[in-house]
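Let me begin by presenting the structure, written as structure tokens, before commenting on it.
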Amino acid sequence: MTRRAFRVRRIYDPPAPEDGIRVLVDRVWPRGIRKEVAAIDEWAKDVAPSTELRKWYGHVPDKFAQFEARYRDELAAQTARTALDHLRTLAERDNVTLLTATRDVDHSQAAVLARLLREPR
């Protein structure tokens with residue numbers, strides 16, 4: 001089967017045809033957006049960073065490398081691995097767009113997830 005692209009976008013951006021399957025990867029629902037406007041296909045809370053890690057990181061770019069290492073450790077848990085496998089399966093059908101409310105998507109959990117999902121298994 002062909003593997004499709006994993007993209008990262010903000011949930012506040014309007015949906016685009018090339019998005020494919022839209023998956024929210026934040027643990028909490030983003031402020032100020034209604035579910036019907038978000039146009040998500042799935043909400044993958046099991047791949048979101050823990051509340052403790054998210055609060056520690058605070059989206060401070062200088063902490064990003066350490067955040068990524070800690071987050072990848074969290075993603076090694078069975079629940080997260082199962083959710084990651086599900087995202088890989090979705091990518092066999094269509095492009096998958098990982099959605100986050102974070103302003104700086106390059107320093108977000110969605111960016112870490114996209115890199116991880118693109119890596120050979």
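All values below were derived from every heavy atom in this structure, side-chain atoms included, with hydrogens, water molecules and symmetry-related copies excluded. The first residue of the sequence shown is numbered 1, and numbering continues consecutively from there. Note that the structure is a prediction, hence the values are computed from the model and not measured.
Leu24 has its side chain within reach of Pro30: a pair of non-hydrogen atoms, C-beta onward, lies under 4.5 Å apart. A heavy-atom distance below 4.5 Å is found between the side chains of Leu113 and Leu75. Between Val96 and Val23, some side-chain heavy-atom pair lies under the 4.5 Å cut-off.
Side-chain N or O atoms of Arg9 include one that pairs as donor or acceptor with a backbone N or O of Pro14 at under 3.5 Å. Of the possible polar contacts, one joining the Ser108 side chain to the Ala111 backbone as a donor-acceptor pair under 3.5 Å is found. Although no hydrogens or angles enter the test, the distance criterion places a donor-acceptor pair under 3.5 Å between the side chain of Gln109 and the main chain of Val25. For Trp29 (side chain) and Arg34 (main-chain N/O), no donor-acceptor pair under 3.5 Å exists by modelled atom type. A donor-acceptor contact shorter than 3.5 Å links the side chain of Arg10 to the backbone of Ala101.
Note on Val47: it clusters hydrophobically with Leu53, by side-chain heavy-atom contacts below 4.5 Å among ILVMFWY residues. Hydrophobic clustering keeps Leu98 apart from Tyr12 (ILVMFWY residues linked when any side-chain heavy atoms are closer than 4.5 Å, directly or through intermediates). Val37 and Ile21 are not part of a single hydrophobic cluster, where members link through side-chain heavy atoms under 4.5 Å apart. In the hydrophobic clustering of this structure, Tyr71 does not group with Leu99; members are Ile, Leu, Val, Met, Phe, Trp, Tyr whose side-chain heavy atoms approach within less than 4.5 Å, directly or through other members. The hydrophobic clustering, which links ILVMFWY residues whose side-chain heavy atoms are closer than 4.5 Å, places Tyr57 and Leu116 together.
Closest heavy-atom contact between Ile11 and Ala38: CD1-CB, 3.7 Å. Contact record, Trp56 with Lys63: O-NZ, 2.8 Å, taken as the closest heavy-atom pair. Across every non-hydrogen atom of Phe67 and Val112, the tightest pair is CE2-CG2, 4.4 Å. Across Gly20 and Asp41, no two heavy atoms sit closer than the pair O-OD2, 3.8 Å.
Note: Asp94 CG to Glu18 CD = 11.0 Å, rounded to the nearest 0.5 Å. Once rounded to the nearest 0.5 Å, the distance linking OG1 of Thr100 with CZ of Arg103 reads 12.0 Å. Note: Arg27 CZ to Thr51 OG1 = 5.5 Å, rounded to the nearest 0.5 Å.
For the ring-ring contact (aromatic ring centres under 6.0 Å, His included) test, residues two or more places apart in sequence or in another chain that qualify with Phe64 are His107. In this structure, the side-chain hydrogen bond (donor to acceptor under 3.5 Å, both in side chains) partners of Arg22, at least two apart in sequence or on a different chain, are Asp19.
We find that Asp85 and Arg88 are joined by a salt bridge, their nearest charged nitrogen and carboxylate oxygen being less than 4.0 Å apart. A salt bridge between Glu119 and Arg72 is present, with a side-chain N of the basic residue lying under 4.0 Å from a carboxylate O of the acidic one.
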